[in-house]
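In this text the structure is predicted, and so the values were computed from the model without any measurement. Note that ligands are numbered from 1 as they come in the structure, with each ligand's atoms numbered from 1 the same way. Numbers here simply count residues along the sequence, with the first being 1.
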Amino acid sequence: MEAKTVKVRVPGTSANLGPGFDTLGIACSCYNELELTLFRDDRLEIEIYGEGAEKIPKTSRNIVWRSIQRVLRRVGCDDEYKGARIVMNNQVPLSRGLGSSATAIVGGIKAANEALGNPLKNRDLLKIATDIEGHPDNVAPAIFGGMTISTVRNGWPETFRFIPKLRFRMVVVVPDFFLPTKAAREVLPDKVDRADAILNIGSTAMMIAAFIKGSRRFLRNAFDDALHQPYRAELIPGMYDVFEAARRERALGAFLSGAGPCLMALANGNEVKVAEAMQQVLKNNHVESTYMILDIDKQGACVIE
Ligand code: HSE
């Protein structure tokens with residue numbers, strides 16, 4: 001007998017928010033949907049629609065399936081369910097810095113947990129998802145929604161989740177090229193300078209204080225980062241000029257979304273102008289792009305049917 005079919009929705013996410021490298025994240029109103037039916041036999045049927053449909057593997061290498069298997073093993077059901085039918089409907093652009101791999105991982109484990117009658121708590125899902133992804137900054141907001149601060153100690157992730165008191169929308173400019181996270185991490189140095197570390201600690205702390213208190217003026221230096229964006233700038237033509245263009249249109253701040261190549265600005269009221277200004281700078285640097293204007297997703301991964 002098959003298990004019941006479940007359907008989940010998972011938000012795309014943006015990690016880092018500038019200075020909070022591998023730590024901060026935010027969930028966005030751009031979603032991937034996933035339908036799962038567990039099979040007792042070892043049939044694996046995978047259908048993919050939308051973003052990445054041509055590129056994502058439909059074999060046992062599929063990350064959604066591998067995440068489902070982690071849950072099955074964790075709860076001791078891997079002998080009971082050996083196959084699945086998975087239908088993915090994707091809105092989140094693939095390999096662009098909007099957490100597409102986190103949505104796949106979280107979608108898989110959330111759907112598997114639901115199909116098995118919810119033996120695992122969100123805290124367990126966070127641990128499994130972090131183990132698979134390698135860092136918690138995208139999977140945490142994908143699970144919990146809102147803005148998140150995440151730490152990992154001895155392999156155990158912990159997340160503080162909150163909704164910022166400042167009003168803004170997220171302007172996401174999507175360049176027309178892929179940038180695998182692995183490549184964007186390879187340009188980073190292993191060791192950092194103390195002054196750079198101090199700058200990031202200050203910016204990150206200031207950003208959280210500003211968002212929790214609702215004080216826009218404390219955001220002035222809060223997007224400054226010395227740990228990853230300066231090194232990644234060489235991979236994204238005109239990156240700092242794009243940030244500057246967003247600021248000129250009165251964006252609260254701008255940064256590389258996750259490991260890029262998407263560039264994000266937080267804006268309140270002039271989103272289209274900010275987006276067009278950012279796109280123009282990219283165009284001047286011979287990069288074509290599209291843009292999306294997104295809100296914070298407050299719900300995180302949820303069952304929709
Ligand atoms: N924090 C990660 C990075 C996000 O910047 O490399 C990408 O998944």
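No side-chain donor-acceptor contact under 3.5 Å links Tyr31 and Asn89. Side chain to side chain, Thr151 and Glu158 fail the donor-acceptor criterion of an N or O pair below 3.5 Å. Counted by atom type alone, Gln229 and Tyr231 present zero donor-acceptor pairs between their side chains at under 3.5 Å. Side-chain contact annotation: Asp295 with Ser29, donor-acceptor N/O pair under 3.5 Å absent.
Interface of Asp22 with ligand 1, defined as ligand atoms under 4.0 Å from a residue heavy atom, comprises 1 (N), 2 (C), 3 (C). Residue-ligand proximity, Asn138 to ligand 1, at heavy-atom distances under 4.0 Å covers atoms 4 (C), 7 (C), 8 (O). Within ligand 1, counting atoms from 1 as listed, the ones closer than 4.0 Å to a heavy atom of Asn16 are 1 (N), 3 (C), 5 (O). Near Phe21, the atoms of ligand 1 lying under 4.0 angstrom from a non-hydrogen atom of the residue are 3 (C), 5 (O), 6 (O). Each of the atoms 1 (N), 2 (C), 4 (C) of ligand 1 lies under 4.0 Å from some heavy atom of Asp137.
Of the protein's non-hydrogen atoms, the one nearest atom 6 (O) of ligand 1 is Arg185 NH1, 2.6 Å.
Lys127 and Asp131 are joined by a salt bridge, as a carboxylate oxygen and a charged side-chain nitrogen come within less than 4.0 angstrom of each other.
At a 4.0 Å heavy-atom cut-off, ligand 1 touches His135 through the side chain alone. If you look at Thr181 next to ligand 1, the close heavy atoms, those under 4.0 Å, all belong to the side chain.
Aromatic ring centroids of Phe160 and Phe144 lie 6.0 Å or more apart.
Cation-pi geometry between Arg85 and Phe39 is not met: the NZ or CZ atom fails to fall both under 6.0 Å from the ring centre and inside 45° of the normal.
Look at Arg232 and you'll find a heavy atom under 4.0 Å from some atom of ligand 1.
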